[in-house]
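Beneath this line is the structure, given in structure tokens, with notes to follow.
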Number of protein chains: 2
Amino acid sequence: MARRSHGDRRKTILRVAGRLFSQQGYYGTSIRDIAAAIRLHGGSLYAHITSKEELLWEIVDEAAQAFLSSLEPIVRSERSPLEKLRLAVAAHLQVVTERQDAAVVFNHEWKALSPRRRADILARRDAYEALFRQILQEGVEAGIFRADLNVPLITRFILTALNSVAVWYRPKGPLSPEQIAEAFTDWAVRGLRRCDPSEAP
Amino acid sequence: MARRSHGDRRKTILRVAGRLFSQQGYYGTSIRDIAAAIRLHGGSLYAHITSKEELLWEIVDEAAQAFLSSLEPIVRSERSPLEKLRLAVAAHLQVVTERQDAAVVFNHEWKALSPRRRADILARRDAYEALFRQILQEGVEAGIFRADLNVPLITRFILTALNSVAVWYRPKGPLSPEQIAEAFTDWAVRGLRRCDPSEAP
DNA sequence: CATTTTTGCTAACGAACGTTTGCTTAAATT
DNA sequence: AATTTAAGCAAACGTTCGTTAGCAAAAATG
């Protein structure tokens, strides 16, 4: 058995590429930057990867899967719209904080993909947003959320606010992902619900 | 009198550079891209600019000024925290929609600046966020907003949600900046206030 | 009208880019 | 131990990058 399997090395490269793409952007990161970060020469990377764009694709594709697969079961479940929303926020923040670099790259660097792959990612971004929107829509239709909400607009506001956590979150910071989720939900949900008398002073 | 003054040409370059930096990123846009967009050759730009980074700096610096100078008088005014917040949201969205490209570049491309300029912009970003935070803080201290708000956190959520408008807003779209401001404020403020009985069904 | 200034072109610079090629060393397999 | 396979290096490929230099046309100025 090898101390390091082929896949280990590849995962290291993906991890480092994700970190650098997230910090400096795709075009701001050279193959030699990635190689230097693991003490290799530029050309040596090509024993493990086929192209720079392939690296970006793998990072972005995996992030898309992570987001979608964490939200789908929540939307499909039989819970109330309000509980679905709480769970969706928590799930989104879990992906964002556990795969922080990938989340940043997924949100900001997909434009650098080839047209075909860019379209693929865009479609999955849209699908994810549609799932989230569906939760809000169900809440409105169930009479739990206010009828005058601009659901697509508020959905965007919620998702971009949540995504921004990927930029500033630090695992050693004062707030855990769960605390962030709670603070966000407490604020955001209060703006969605028809008035809850228990909130009165 | 000239049909085109020196400054006109320069402003055209800045406008086009802003559009391309916003669409493709700073590193994803070459000097030749910018030149080609106004039917010039790459080298010809240097009759009007001194460097590519200077272009980025001018765009980002002007955006920083626009944001700060629109928010400062609101924060300094004698209005209630609630009204300050409404005005701040509207002002932010006005800058974001009127100078859409500059706003996107200001938010996403400042990392490409030299360390000195990056620090300058970061300081002004922080100052802007602090002004916004101050409005929320005043609201909490005045007893208008809930005491259990995590003010710095909510401030970030609000600002990033508002900034995202720069990415998707289209002047010919269905929503005017004022309508976006209203929808956002209606939602966000309801989550901040201690319960308002007039909102009950 | 003569002259200075501005504007843009062509061509080129050195540097950095993503990627390929041979060769060498190290590891895994038989 | 012999042999196959993988990993990494050094060097170079052709291209593109930001930028500069020298020259020509055009415009503004006197």
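Proteins come first, then strands; the chains are lettered A, B, ... in the order of their sequence lines, and each starts at number 1.
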Minimum-distance nucleotide to [X] side chain [options: [options]]:
| X | options | value |
| --- | --- | --- |
| B:K52 | D:dG18, C:dT19, D:dG8 | D:dG18 |
| B:A47 | C:dT7, D:dT19, C:dG18 | C:dT7 |
| B:S51 | D:dC9, C:dG8, D:dT19 | D:dT19 |

Specify the residues of residues 30-40 of chain A, ordered by number, for which at least one heavy atom lies under 4.0 angstrom from an atom of DNA chain C. A:S30, A:I31, A:R32
Please walk me through it: do B:R117 and B:E54 pass salt bridge (Lys or Arg N to Asp or Glu O under 4.0 Å)? CA-CA 10 Å; B:R117 286 172 163 172; B:E54 192 77 26; 3.3 Å; yes
Enumerate all atom pairs, one protein N or O and one N or O from nucleotides 20-22 of chain D, separated by less than 3.5 Å.
none

B:K52 to B:Y26, cation-pi by 6.0 Å centre distance and 45° axis angle: yes
Is a side-chain donor or acceptor of [X] paired with a backbone partner of [Y] at a separation under 3.5 angstrom?
| X | Y | answer |
| --- | --- | --- |
| A:R125 | A:I121 | no |
| B:Q100 | B:Y169 | yes |
| B:W187 | A:A188 | yes |

For a salt bridge (Lys or Arg N to Asp or Glu O under 4.0 Å) check, start with the C-alpha distance between A:D61 and A:R124, then their side-chain angles and the critical distance, and finish with the verdict. CA-CA 9 Å; A:D61 176 59; A:R124 288 151 83 187; 2.8 Å; yes
Taking atom CD of B:E182 as the centre, report whether more than 12 heavy atoms of other residues, nucleotides or ligands fall under 6.0 Å from it. no
So A:H41, base contact, sugar-phosphate only, or nothing? Heavy-atom distance under 4.0 Å. sugar-phosphate
